Amino acid sequence: MTTEVDVLQPGALWWNWFGEQYFVPRYTARPRTEEEARHAVLAARKLKLPVRASGAGHSNPAVVPTPGVHVDFDGMRDVISVDREKLQVTIQPGMRVGEVSRYLRTVGMSLNNQGDIDTQTVVGAIATGTHGAGITLPCMSMQMIAARIVTADGDFLDLSAEKDGELFRAFRCSIGLFGLVVSVTLQAVPSYNIHKISWNADVEDCIGGLHQRLETNRTFWFFWLPVKKSAELYVLPGGVVPSTATRENDICHMRVYNAVPVDEAAPALKEGEQFDHSSVIFPNPYIPNFREIEYAVPFGRFEEAFAEVRHLFQTKYPEALYPVECRPVKADDSYISAYAERDGYALSISGPLEFETWGMLKEMDALLDRYDARPHWGKHHFMSAERLERIYPRYDDFKRTRREIDPDGVFLNDHLRSLFA
């Protein structure tokens, strides 16, 4: 029989994907069952230690580091159950987005949408408000319809969108602050293929035709490339795809994705086009060679904000090379995602993993703050409690709910305490 002592091991070094966050906790727990995860929390409570869990380590800020008990869910990455009639799947917390997406293909389903990195855990992507792109497509947390968590008292709590109302809305995007997630149930959709078309164009063409492309394609997004070689830094096919650009620098790499039923034949593909299952087309390769912020501005103010960002790059940071990724996302019903009750347009701004990058990111942050921009919780940001209260109508409600479910702050760490205690 598992006991609290059995699940705690001496703390082991942990670091994230970028190597920017690393720590050695007092104890590490590697549960393989829900019961072992519960015992990890009970052990932490006896020792009066805080608890934080990790996914695949793709978050930039210090959301995981803790001096107490670090829970590593890498040993829990299986499918628990699938309901083919309802198109629902229940999974363990360590499963990666790509693992789930590829599994769903085998049972005739797809995720409704996902981001362009599929090596994150699904739970981590949900907890941080990770998203794909499309004016009709909200972030991934909206695909979660139920979850099971271990609370700060070491009890199991089953949550669902159907029965838990406001609590579930607060939980949708909660950065691991409500408890250890030991399973989630996702609402999938019938399996589909994607016809993807990529090309390069002048900025004027991209922005001028923005709304027409958004309205006529399931997904449209673009990367602004300050210079031609910017594409290489994000593994983009800068010189391969067809191009309508009239210049080499200051251009946009553009993409449209449209769903095709799996029983339809593949179209004849031209240069710059791809066709395959959603699990294959969504993910893109990235090299963790950048330091990144991502903020969502109100949808209707995107063009104005983008123009300011572009102007600042060109006038003050002409040596900056990294692309600026721009994606629209539909509003959701959460409390603190970047799209909480507001359609948004995300701007992802990056620089090299050097100290000097912080100054540029800080200036971009100040620029976007004038647009009441909201953070992606898995990216670097410069938030304060005062700023969050200004940009999130339900911020105080979120903090109150967090205190009710974890009054002793078991699942807080230094980074999160300053924002949500």
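Only this structure's heavy atoms are used, side chains among them; waters, hydrogens and symmetry mates stay out. As the structure is a computational prediction, the values presented were derived from the model and not from experiment.
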Looking at side-chain heavy atoms only, is the closest gap between [X] and [Y] below 4.5 Å?
{"X": "Ile336", "Y": "Phe420", "answer": "yes"}
{"X": "Val97", "Y": "Thr130", "answer": "no"}
{"X": "Arg96", "Y": "Arg102", "answer": "no"}
{"X": "Ile405", "Y": "Ile149", "answer": "yes"}
{"X": "Arg310", "Y": "Val324", "answer": "no"}
{"X": "Tyr295", "Y": "Val297", "answer": "no"}
{"X": "Thr244", "Y": "Asp202", "answer": "no"}
{"X": "Pro93", "Y": "Thr121", "answer": "no"}

Working note: Phe299 + His211, criterion ring pair (Phe, Tyr, Trp, His ring centres under 6.0 Å); need CA distance, chi angles, decisive distance, verdict.
CA-CA 11 Å; Phe299 181 81; His211 288 275; 5.7 Å; yes
Using modelled atom types and a 3.5 Å cut-off, is there a donor and acceptor pairing between side-chain atoms of [X] and backbone atoms of [Y]?
{"X": "Arg105", "Y": "Val280", "value": "no"}
{"X": "Thr28", "Y": "His70", "value": "no"}
{"X": "Trp224", "Y": "Cys326", "value": "no"}
{"X": "Thr219", "Y": "Ala133", "value": "yes"}
{"X": "Thr357", "Y": "Leu353", "value": "no"}
{"X": "Arg374", "Y": "Gly344", "value": "no"}
{"X": "Asn413", "Y": "Ala62", "value": "yes"}
{"X": "Asn16", "Y": "Ser59", "value": "yes"}
{"X": "Asp155", "Y": "Thr151", "value": "no"}
{"X": "Asp406", "Y": "Arg402", "value": "no"}

Under a 4.0 Å N-O cut-off, is there an ion pair linking [X] with [Y]?
{"X": "Glu304", "Y": "Arg370", "value": "no"}
{"X": "Asp74", "Y": "Arg30", "value": "no"}
{"X": "Glu204", "Y": "Arg247", "value": "yes"}
{"X": "Arg387", "Y": "Asp365", "value": "yes"}
{"X": "Asp276", "Y": "Lys196", "value": "no"}
{"X": "Lys399", "Y": "Glu389", "value": "no"}

Worked verdict on His381 versus Ile293 for side-chain contact (heavy atoms from CB on, under 4.5 Å):
CA-CA 6 Å; His381 57 80; Ile293 61 171; 5.8 Å; no
Before you tell me yes or no, could you show the steps for Phe73 and Val123 under side-chain contact (heavy atoms from CB on, under 4.5 Å), namely the whole-Å CA-CA distance, both residues' side-chain angles and the distance that decides it to 0.1 Å?
CA-CA 10 Å; Phe73 278 117; Val123 169; over 6 Å; no
Checking [Y] against [X]: is there a side-chain donor and acceptor pair closer than 3.5 Å?
{"X": "Gln187", "Y": "Gln143", "answer": "no"}
{"X": "Gln21", "Y": "His415", "answer": "no"}
{"X": "Trp17", "Y": "Asn60", "answer": "no"}

If you measure from [atom1] on [X] to [atom2] on [Y], what distance do you get to the nearest 0.5 Å?
{"X": "Ser243", "Y": "Met254", "atom1": "OG", "atom2": "CE", "answer": "9.5 Å"}
{"X": "Thr33", "Y": "Arg38", "atom1": "OG1", "atom2": "CZ", "answer": "10.0 Å"}
{"X": "Phe382", "Y": "Met364", "atom1": "CZ", "atom2": "CE", "answer": "11.5 Å"}
{"X": "Ile80", "Y": "Glu34", "atom1": "CD1", "atom2": "CD", "answer": "6.0 Å"}
{"X": "Ser278", "Y": "Leu111", "atom1": "OG", "atom2": "CG", "answer": "7.0 Å"}
{"X": "Leu167", "Y": "Leu157", "atom1": "CG", "atom2": "CG", "answer": "6.5 Å"}

Could you tell me whether Arg52 sits above the aromatic face of Phe23, with NZ or CZ closer than 6.0 angstrom to the six-membered ring centre and within 45 degrees of the axis?
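Pair Arg52/Phe23 does not count as cation-pi.
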If you count every heavy atom of other residues, nucleotides or ligands that lies below 6.0 Å from [X] atom [atom1], does the total exceed 12?
{"X": "Arg394", "atom1": "CZ", "result": "yes"}
{"X": "Glu162", "atom1": "CD", "result": "no"}
{"X": "Trp358", "atom1": "CH2", "result": "yes"}
{"X": "Glu248", "atom1": "CD", "result": "no"}
{"X": "Lys163", "atom1": "NZ", "result": "yes"}

So which of Tyr392, Phe178, Phe171 actually passes ring-ring contact (aromatic ring centres under 6.0 Å, His included) with Phe398?
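Among Tyr392, Phe178, Phe171, the one meeting ring-ring contact (aromatic ring centres under 6.0 Å, His included) with Phe398 is Phe178.
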So that I know where these two stand, are [X] and [Y] an aromatic pair - ring centroids less than 6.0 Å apart?
{"X": "Tyr234", "Y": "His253", "answer": "no"}
{"X": "Tyr371", "Y": "Tyr345", "answer": "no"}
{"X": "His380", "Y": "Phe290", "answer": "no"}

Which atom of [X] lies closest to which atom of [Y], heavy atoms considered:
{"X": "Leu49", "Y": "Val410", "answer": "O-CG1, 4.4 Å"}
{"X": "Asn112", "Y": "Tyr192", "answer": "O-OH, 3.0 Å"}
{"X": "Tyr22", "Y": "Gly19", "answer": "CD2-O, 3.8 Å"}
{"X": "Ser334", "Y": "Arg172", "answer": "CB-CB, 4.0 Å"}
{"X": "Ile135", "Y": "Pro328", "answer": "CG2-CB, 4.0 Å"}
{"X": "Ala201", "Y": "Asp205", "answer": "CB-OD2, 3.6 Å"}

Under the side-chain contact (heavy atoms from CB on, under 4.5 Å) rule, what do Trp221 and Glu325 come out as? Steps first, then yes or no, please.
CA-CA 8 Å; Trp221 92 71; Glu325 186 177 15; 3.3 Å; yes
For Asn113 and His131, run side-chain contact (heavy atoms from CB on, under 4.5 Å): C-alpha distance rounded to whole Å, both residues' side-chain angles, the deciding distance at 0.1 Å, then the answer.
CA-CA 8 Å; Asn113 197 24; His131 58 89; over 6 Å; no
Under the criterion side-chain hydrogen bond (donor to acceptor under 3.5 Å, both in side chains), which of Glu292, Glu294, His58 is the partner of Lys379?
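Going through the options one by one, the only one that passes is Glu292.
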Where do Arg327 and Asp116 land on the salt bridge (Lys or Arg N to Asp or Glu O under 4.0 Å) test, with the steps shown first?
CA-CA 11 Å; Arg327 292 178 288 173; Asp116 54 353; 3.8 Å; yes
